[in-house]
Student: 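So that we are looking at the same thing, I have put the structure below in structure tokens.
Every number for a ligand or one of its atoms is a count from 1 in the order of the listing.
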Amino acid sequence: MRPIQMVDLKQQYTKIKSEVDSAIHEVIDQAAFINGKAVTEFAAGLSAYTGSKHTIPCANGTDALQIAMMALDLQPGDEVITPSFTFIATTEAVALLKLRPVFAEVDPKTFCLDPAAIEKAITPKTKAIIPVHLYGHAAPMEEIMEIAARHNLYVIEDNAQAIGSTYTFSNGITKKTGTIGTIGTTSFFPSKNLGCYGDGGAIFTDDDALASRLKMIANHGQSRRYYHDLVGCNSRLDSIQAAVLNVKLKSLDAYIAARRVAADYYDSAFAGHPKIRTPYRASYSHHVFHQYTLVLEGVDRDGLNEYLAGQHIPSMIYYPVPAHRQQMFAEFGGGNYSLAITDWLTERVISLPMHTELDEEQLRTISFAVLEYINK
Ligand SMILES: *Cc1c(COP(=O)(O)O)cnc(C)c1O
């Protein structure tokens, strides 16, 4: 059996090696390292894939969030509602701009922002909501967009974990996650569902004026070379990464399908177990399983993590400390929050290996070991 990894990028690469290698060499041959043809091609390809009118590539998913908030001209002290149960980048980007992160509770089933909690967190200072499509499950966008419209708020979808996922509205219309809010952001960090071989990110919007601001901000606020209209930053996707992404974008749907096959295997292995809750799949969401995350009840979770490690099976806690308990947010009153569901989940979640290359033998070995520990 091949060694089991949380993410197996090496094995995935071997299948597309010749295509990726020649795409990288083409960039080097052309010496168009920044904003070369591969970047333009990738932005167009991703727009076609997602249905977003504009795709603005940038250096990483954290910058994408920062640039989104800069483009919306949010001002120091403005409040932005985010989950605490997320990767730190979501909330860090808010704080970096001297905006005020306001942490709202998540739905224990979907791990995504709870609309009722958003509503409760709104004050006259609230300017935006950042729903996170955590683990690849879509946040309840219809309710979130309705709340935002009623309170005149921007919505920035953090789609770093859910590229390729969709949300289906009650009228039957289906849209890709990241293309529903005012702005969507994503990451091409290597382990993400569409990962490059370094850092990368992108920003989505259907709004022409916002798109041109986003594009300018990501490139020193310049409207044309050496004419700088806005304070921006240097956040570009480099051409070599775009070349890799051009190859991998063609396989994104196949990658998602492989993740869903692995998730189905785990689901049936753990079905009905009284101590294991398998990932919920809301009918509106096409889950893309960036992570396969269990919620354990009455199990020594850290003991399981160690037991699996002893069997050479990696598992991870995403995330061991929620944002409101991070020291980083002490000055934002993080310690004053009481987010019982977030804390409850933080103590009980465990993510199993999830990637495009898992075979049945590996899945059987992992599920067997998990059950062996829990049933002992
Ligand atoms: C990975 C991730 C980011 C940040 O992306 P980087 O490219 O690593 O900067 C932001 N939000 C979430 C939810 C993520 O998982």
Student: For ligand 1, indicate whether the residue D158 contacts it via side chain, backbone, both or neither (heavy-atom separation under 4.0 Å).
Tutor: side chain
Student: Closer than 3.5 angstrom, by distance alone: can the side chain of N246 be matched with the main-chain N or O of A38 as a donor-acceptor pair?
Tutor: yes
Student: Salt-bridged, R2 to E357, with N to O below 4.0 Å?
Tutor: no
Student: Under 3.5 Å, N or O to N or O, is A89 touching ligand 1 that way?
Tutor: no
Student: Does Y197 offer a backbone N or O that forms a donor-acceptor pair with the side chain of Q241 under 3.5 Å?
Tutor: yes
Student: Where the side chain of N159 meets the backbone of H133, is there a donor-acceptor pair that is under 3.5 Å apart?
Tutor: no
Student: List ligand 1 atoms under 4.0 Å from N60, heavy atoms only on the residue side.
Tutor: 7 (O), 9 (O)
Student: Taking the six-membered ring where the residue is Trp, are the ring centres of F188 and F42 under 6.0 Å apart?
Tutor: yes
Student: Quick one: does T86 get an N or O within less than 3.5 Å of an N or O on ligand 1?
Tutor: no
Student: Using heavy-atom distances, let me know which of Q161, Q291, K192 sits nearest atom 2 (C) of ligand 1.
Tutor: K192
Student: In terms of residue, atom name and distance, what is the protein heavy atom nearest to atom 9 (O) of ligand 1?
Tutor: T62 OG1, 2.5 Å
Student: Out of A202, A59, P190, A160, indicate the one that has the non-hydrogen atom closest to atom 12 (C) of ligand 1.
Tutor: A160
Student: Is any NZ, NE, NH1 or NH2 atom of the basic residue among K37 and E26 found under 4.0 Å from an Asp or Glu carboxylate oxygen of the other?
Tutor: yes
Student: Over 60° means perpendicular and under 30° means parallel, so classify the ring planes of H220 and H228, tilted if in between.
Tutor: perpendicular
Student: Can an N or O of S187 be found at a distance shorter than 3.5 Å from an N or O of ligand 1?
Tutor: yes
Student: Can you sort out which atoms of ligand 1 are near V132, meaning under 4.0 Å from one of its heavy atoms?
Tutor: 13 (C)
